[in-house]
Asker: 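Dropping the structure in here first, questions after.
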Amino acid sequence: PETGGTLLALGVLPQGRVEPQEGRVKRFRPGIFVLCAHLEYEKREVMTVPEIKRLSLTTLVLHCASFGLRTHDLTFDYAPDADKVREAEIHLQRLGLIDEECKLTDAGENTIDLPIGPETSAMLWHAWKLEYLDRAIVLAAVIEAGGLRKDFRFGHDLDHTSDHLDGLKAFAQAIALHAAERKAFMELHNISYKKFAAAQDLLRDLERRLTERASFDLDAVMPQLRQSIVAGFLNQIFITNGYDDKVRPIKSRYTQYAIGQGSMCRISPETPIVIGELRM
């Protein structure tokens with residue numbers, strides 16, 4: 001809820017979902033359905049809130065825009081909340097993927113068919129404009145794979161400024177190694193083989209779709225890669241007040257930003273920290 005992002009996580013099935021599961025188990029032959037879970041059936045919710053009421057609507061709004069539609073032009077079984085629709089529209093406008101009339105911009109038109117989220121799309125568009133797309137697609141593949149961490153309690157200890165860059169450096173170093181060395185490196189640096197393979201597959205797909213050959217020469221463009229992360233993932237940047245270890249996400253009420261033809265991203269005056277200047 002703080003960042004507008006989504007993730008896939010294990011959850012408890014409500015009563016309304018347990019009964020259909022029993023039907024599926026017994027579909028082909030007689031059997032016994034056993035609910036093996038720590039939470040008793042009677043204590044479960046009757047039904048969960050539909051996803052359209054719970055999750056970020058950025059992808060829905062973006063794909064409606066690709067067909068020249070607004071969400072209010074469509075009929076839903078469960079209508080999305082107007083406030084969440086407007087929030088998604090504002091977020092996509094700040095990313096530069098739709099305009100004030102909720103029509104696709106050049107950035108939106110050129111990234112809508114890529115198998116990535118809107119934040120990563122904005123990041124890639126920014127990188128393309130600054131001519132380092134070949135490095136940014138590697139970063140995009142790692143981000144869309146969900147990062148590379150096998151255990152989320154620990155990082156890779158290769159970059160302490162950004163989780164995204166930490167994963168990027170881990171991927172770049174691992175892919176350069178031979179099989180035996182790579183296995184030891186991945187164990188040492190908390191890299192999931194499954195996520196590493198998913199990032200490899202997505203990278204090949206992005207190379208094919210964008211007709212761009214990936215480059216792993218990252219050091220020369222590391223400042224630009226940081227800038228592209230800001231362009232796409234400002235809602236995932238966290239700040240601390242400098243007096244304790246508490247961090248808070250940067251929200252629109254703290255920040256003046258708009259990803260357009262040139263804009264300054266900075267935290268509010270009471271926190272004198274400038275994130276960076278974005279130039280398209």
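This chain uses plain numbering: 1 for the first residue, then up along the sequence.
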Asker: What are the two closest non-hydrogen atoms of H160 and D157, and how far apart are they?
Answerer: CE1-OD1, 3.6 Å

Asker: Do you know which two heavy atoms are closest between P223 and D219, and how far apart they sit?
Answerer: CD-O, 4.5 Å

Asker: So does A127 get a backbone contact from the side chain of Q224, meaning a donor-acceptor N/O pair under 3.5 Å?
Answerer: no

Asker: Donor-acceptor check, side chain of E207 to backbone of A214, threshold 3.5 angstrom: yes or no?
Answerer: yes

Asker: Taking 4.0 angstrom as the limit, do D106 and K129 come out as a salt bridge?
Answerer: no

Asker: Mind listing the closest non-hydrogen atom pair of G146 and F152 along with its distance?
Answerer: O-CZ, 4.3 Å

Asker: For the side chain of D134 and the backbone of R213, is there at least one donor-acceptor N/O pair under 3.5 Å apart?
Answerer: no

Asker: Answer whether the closest heavy-atom distance between the side chains of W128 and E212 falls below 4.5 Å.
Answerer: no

Asker: Atom CD1 of I191 and atom NE2 of H156: how far apart are they, to the nearest 0.5 Å?
Answerer: 6.0 Å

Asker: Among L95, T120, D163, exactly one meets side-chain contact (heavy atoms from CB on, under 4.5 Å) together with F233. Which residue is that?
Answerer: T120

Asker: Taking the side chain as C-beta and beyond, is there a heavy-atom pair between L165 and M222 under 4.5 Å?
Answerer: yes

Asker: When clusters are formed by joining ILVMFWY residues with side-chain heavy atoms under 4.5 Å apart, either directly or through shared neighbours, do I98 and I90 land in the same one?
Answerer: no

Asker: Ignoring hydrogens and angles, tell me if any N or O in the side chain of N190 forms a donor-acceptor pair with the backbone of F154 under 3.5 Å.
Answerer: yes

Asker: Tell me whether D201 contacts the main-chain N or O of A198 through its side chain, where contact means a donor paired with an acceptor under 3.5 Å.
Answerer: no

Asker: When you check the side-chain N and O atoms of E119 and H91, is any donor under 3.5 Å from an acceptor?
Answerer: yes

Asker: Kindly check if the number of other-residue, nucleotide or ligand heavy atoms within 6.0 Å of CZ (F216) is above 12?
Answerer: yes

Asker: Would you say R204 and R208 make side-chain contact, with heavy atoms under 4.5 Å?
Answerer: no

Asker: Which value, rounded to the nearest 0.5 Å, describes the distance between D77 atom CG and I52 atom CD1?
Answerer: 9.0 Å

Asker: Taking the side chain as C-beta and beyond, is there a heavy-atom pair between R44 and L13 under 4.5 Å?
Answerer: yes

Asker: Verify side-chain contact (heavy atoms from CB on, under 4.5 Å) between L97 and W125, making sure each step is shown before the conclusion.
Answerer: CA-CA 9 Å; L97 299 178; W125 180 255; 5.7 Å; no

Asker: Looking only at heavy atoms, which two atoms of P118 and T59 are closest? And how far apart?
Answerer: CD-OG1, 4.1 Å

Asker: Distance check, rounded to the nearest 0.5 Å: L168 atom CG versus L218 atom CG?
Answerer: 5.0 Å

Asker: Please report the closest heavy-atom contact between G232 and A122, naming both atoms and the distance.
Answerer: CA-CB, 4.1 Å

Asker: Return the minimal non-hydrogen interatomic distance between Y132 and S228, and the atom names on each side.
Answerer: OH-CB, 3.4 Å

Asker: If we only count heavy atoms from C-beta on, is the K195 to K150 side-chain gap below 4.5 Å?
Answerer: no

Asker: Take atom CG of D151 as the centre, draw a 6.0 Å sphere, and report whether it contains more than 12 heavy atoms from other residues, nucleotides or ligands.
Answerer: yes

Asker: Between atom CG of L139 and atom CZ of R226, what is the distance when rounded to the nearest 0.5 Å?
Answerer: 11.5 Å

Asker: I'd like to know if the side chain of Q93 and the backbone of D99 have a donor-acceptor N/O pair within less than 3.5 Å.
Answerer: yes

Asker: Is R135 reaching over with its side chain to a backbone N or O of S215, donor-acceptor style, under 3.5 angstrom?
Answerer: no

Asker: For salt bridge (Lys or Arg N to Asp or Glu O under 4.0 Å), just list the numbers for K53 and D81, CA-CA rounded to whole Å, side-chain angles, deciding distance to a tenth of an Å, and then say yes or no.
Answerer: CA-CA 7 Å; K53 296 284 190 180; D81 295 333; 3.4 Å; yes

Asker: For the residue pair P115 and L206, establish whether any side-chain heavy-atom pair is separated by less than 4.5 Å.
Answerer: yes

Asker: Do V85 and Y78 land in one hydrophobic cluster if side-chain heavy atoms of ILVMFWY residues count as linked below 4.5 Å?
Answerer: yes

Asker: Quick check on the hydrophobic clustering: are L62 and F67 connected, directly or via other members, by side-chain heavy-atom contacts under 4.5 Å?
Answerer: yes

Asker: Would a single hydrophobic cluster contain both F76 and L69, if residues Ile, Leu, Val, Met, Phe, Trp and Tyr are joined by side-chain heavy-atom contacts under 4.5 Å?
Answerer: yes

Asker: Answer yes if I32 and Y41 sit in the same cluster of Ile, Leu, Val, Met, Phe, Trp and Tyr residues linked by side chain heavy atoms under 4.5 Å apart, and no otherwise.
Answerer: no

Asker: So how far is it from L148 CG to M186 CE, rounded to the nearest 0.5 Å?
Answerer: 7.5 Å

Asker: For T105 and G96, indicate whether the former's side chain and the latter's backbone hold a donor-acceptor pair under 3.5 Å.
Answerer: yes

Asker: Taking the side chain as everything from C-beta on, heavy atoms only, tell me whether I116 gets closer than 4.5 Å to M123.
Answerer: no

Asker: Rounded to the nearest 0.5 Å, what separates atom CZ in F171 from atom CG in D166?
Answerer: 14.5 Å

